[in-house]
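These numbers come from the heavy atoms of this one structure, side chains and all, not from hydrogens, waters or symmetry mates. What you are looking at is a predicted structure, and each value in this text was computed from that prediction instead of being measured.
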Amino acid sequence: MSGLVPRPGILEIKPYKGGKSRLEEKSEAIKLSSNEGALGPSPKAMEAYRALAPDLHRYPDGACADLRAAIGTRFGLDPARIVCGAGSDELLALLARAYAGPGDEILRSAHGFAMYAITASGVGARPVAAPETDLTADVDALLDCVTPRSRVLFLANPNNPTGSYIDEAALRRLRAGLPDNVLLVIDAAYAEYVGRNDYTAGERLVDDHDNVVMTRTFSKLYALGGLRVGWAYCPEPVADILNRLRPPFNVTAPAQAAAIAALADTAHAEATRAHNDRWLPWLAEKLTECGLHAYPSVANFLLVRFPGDGGRDAAAADRFLNARGIIARAVADYGLPDCLRITIGREEENRAVAGALADFMVAGGGGTDD
Ligand SMILES: *Cc1c(COP(=O)(O)O)cnc(C)c1O
């Protein structure tokens, strides 16, 4: 028997399961399980990535100076208060590690992004979930969960997997209700998709307060998930803490170069967003027509609820889609056993999943087509 004992909380972690990317029987699956940008990466990002091949022996710029400058210019932010990470996941974990530990509590809303609970347990803190209203974060319920042990509150806005969001007024009310020693982390992974006037990704809240951080990612609209690039916009003292704690070369050189090129390719980003604006409502309508419930979404995916009668439940639908070479995301782990999450894909992928689910609703769980 080993004498090694992991730190408190780690054995409580149920390892994160990403969206499946392969089906055993099918070589070419339609992957709608991880919210990756439908149009793929910018051709300019691919070019920048390839161009670095001869220089792979060189360490990256550990400060990500050019990337932070590019982000600052693109979003009108002070580069000195931007910290880049190997995906925003790394930054979320570093924030938890910086501000919470054994005996502390880390808050999220009930159907919040799965990494928050994992991250909390990973630093030995207790993950606490506040109930939601209509699958949307509930400011009062979150504030009700605050105790003297609370240290960090993670809020995905918009949230994955529900697709719902809270508006700027609600976000400000949430911040105002938090004690000064609780860090509000606004995870705005899908901000680029949101087209609502009352929405904010949170930049101004970061400017206005000492205890707010906004995290962003290149994995979703910019479709660079394979490269792992995210960033956080922070109050100066929080940026300083992250820079002490992060590994010195946490973002690879090709990842930095590709992210810079992706930011410069505003036409590709705009095309991705316009594509989503067209196909998100299209898919929601098709699914509604065949008797499914698609929850309102401001991101690039839909949470779809199955009726459950006649074998028409989410697990059966998942298998039915797999048999047709389509991968959706089961969200039972998120406390949503009667739902699947479906990413908006390319036109033919959206038509394929809409057609398959229409057939499923007629055939029910008993019917398979091969
Ligand atoms: C995908 C996702 C992330 C993680 O993004 P990475 O930058 O790839 O680590 C963070 N938060 C939410 C809500 C997400 O859906």
Side-chain angles (χ1 to χ4, degrees), residues 14-38 110-114 132 134-136 156 158-164 190 193 220 275-276 278-370:
K14 213 172 137 196
Y16 182 82
K17 281 219 306 266
K20 270 187 286 183
S21 54
R22 248 181 225 103
L23 294 172
E24 265 160 36
E25 331 76 78
K26 311 265 177 184
S27 51
E28 275 299 303
I30 294 178
K31 187 183 182 227
L32 302 175
S33 55
S34 297
N35 301 341
E36 298 143 341
H111 302 292
F113 183 47
E132 299 189 358
D134 299 330
L135 295 194
T136 305
N159 185 47
N160 166 20
T162 52
S164 61
Y190 300 93
Y193 284 108
K220 304 291 158 56
H275 175 91
N276 197 63
R278 171 164 181 222
W279 289 100
L280 180 80
W282 182 89
L283 187 60
E285 192 184 316
K286 289 290 166 197
L287 299 181
T288 307
E289 277 169 16
C290 67
L292 290 162
H293 183 77
Y295 288 93
S297 170
V298 295
N300 69 331
F301 55 86
L302 284 169
L303 183 71
V304 183
R305 194 182 68 224
F306 289 80
D309 59 342
R312 299 185 304 175
D313 58 36
D318 200 18
R319 290 192 298 272
F320 189 94
L321 290 175
N322 285 178
R324 291 210 179 173
I326 300 169
I327 313 176
R329 178 71 143 90
V331 284
D333 282 357
Y334 282 90
L336 299 165
D338 52 353
C339 297
L340 292 179
R341 190 194 70 198
I342 301 172
T343 305
I344 302 304
R346 296 192 308 270
E347 172 170 355
E348 65 276 17
E349 297 174 325
N350 300 328
R351 291 191 187 280
V353 74
L357 287 176
D359 292 347
F360 172 76
M361 289 298 282
V362 173
T368 49
D369 60 350
D370 60 357

Exercise. State, with a plain yes or no, whether a side-chain heavy atom of Leu283 is found less than 4.5 Å away from one of Glu349.
Key: no
Practice problem: Could you tell me which non-hydrogen atom of Ala314 sits nearest to which non-hydrogen atom of Pro337, and how far apart they are? | Solution: CB-O, 3.5 Å
Quiz prompt | By salt bridge (Lys or Arg N to Asp or Glu O under 4.0 Å) - contacts of Glu132 (at least two apart) | solution = none
Exercise. To the nearest 0.5 angstrom, please state how far the CG atom of Asn350 sits from the CG atom of Leu32.
Key: 7.0 Å
Exercise. Working to the nearest 0.5 Å, report the span between CZ of Arg329 and CG of Leu340.
Key: 10.5 Å
Exercise. Give the minimum heavy-atom separation between Ala328 and Leu321, together with the two atoms involved.
Key: CB-CD1, 3.9 Å
Quiz item: Is a side-chain donor or acceptor of Asn322 paired with a backbone partner of Ile326 at a separation under 3.5 angstrom?
Solution: yes
Quiz item: Rounded to the nearest 0.5 Å, how far does CZ of Phe113 lie from OG1 of Thr162?
Solution: 12.5 Å
Practice problem: Please check if atom CG in Asp309 has more than 12 non-hydrogen atoms from other residues, nucleotides or ligands closer than 6.0 Å. | Solution: yes
Quiz item: Is there a donor-acceptor pair under 3.5 Å between the side chain of Ser164 and the backbone N or O of Leu135?
Solution: yes
Quiz prompt | Between CZ on residue Arg278 and CD1 on residue Ile344, distance to nearest 0.5 Å | solution = 12.0 Å
Quiz prompt | Heavy-atom closest pair, residues Tyr190 and Asn160 | solution = OH-ND2, 3.5 Å
Practice problem: Considering non-hydrogen atoms only, spot the tightest contact between Leu287 and Ala354 and give its length. | Solution: CD2-CA, 4.5 Å
Quiz item: Is the side chain of Arg341 donor-acceptor paired with the backbone N or O of Ser33 at a distance under 3.5 Å, no angle test?
Solution: yes
Practice problem: Measure from the side-chain N and O atoms of Asn159 to the backbone N and O of His111, and report whether any donor-acceptor pair falls under 3.5 Å. | Solution: yes
Self-check item: Non-hydrogen atoms of Pro161 and Leu336 that approach each other most closely
Solution: CG-CD1, 3.9 Å
Quiz item: Out of curiosity, Thr343 OG1 to Ile30 CD1, how far, rounded to the nearest 0.5 Å?
Solution: 12.5 Å
Report, one line per pair, each donor and acceptor closer than 3.5 Å where one atom sits in a side chain of residues 291-306; sequence neighbours left out.
residue	atom	partner	partner atom	Å
Tyr295	OH	Arg305	NH1	2.7
Ser297	OG	Ala299	N	3.1
Ser297	OG	Phe301	O	2.6
Asn300	ND2	Asn35	O	3.0
Asn300	ND2	Tyr193	OH	3.3

Self-check item: Close side-chain approach of Arg319 and Phe360, heavy atoms under 4.5 Å
Solution: no
Quiz item: If every non-hydrogen atom of Glu347 is compared with every non-hydrogen atom of His275, which pair is closest and at what distance?
Solution: N-CE1, 3.9 Å
Exercise. To the nearest 0.5 angstrom, please state how far the NZ atom of Lys286 sits from the CH2 atom of Trp279.
Key: 9.0 Å
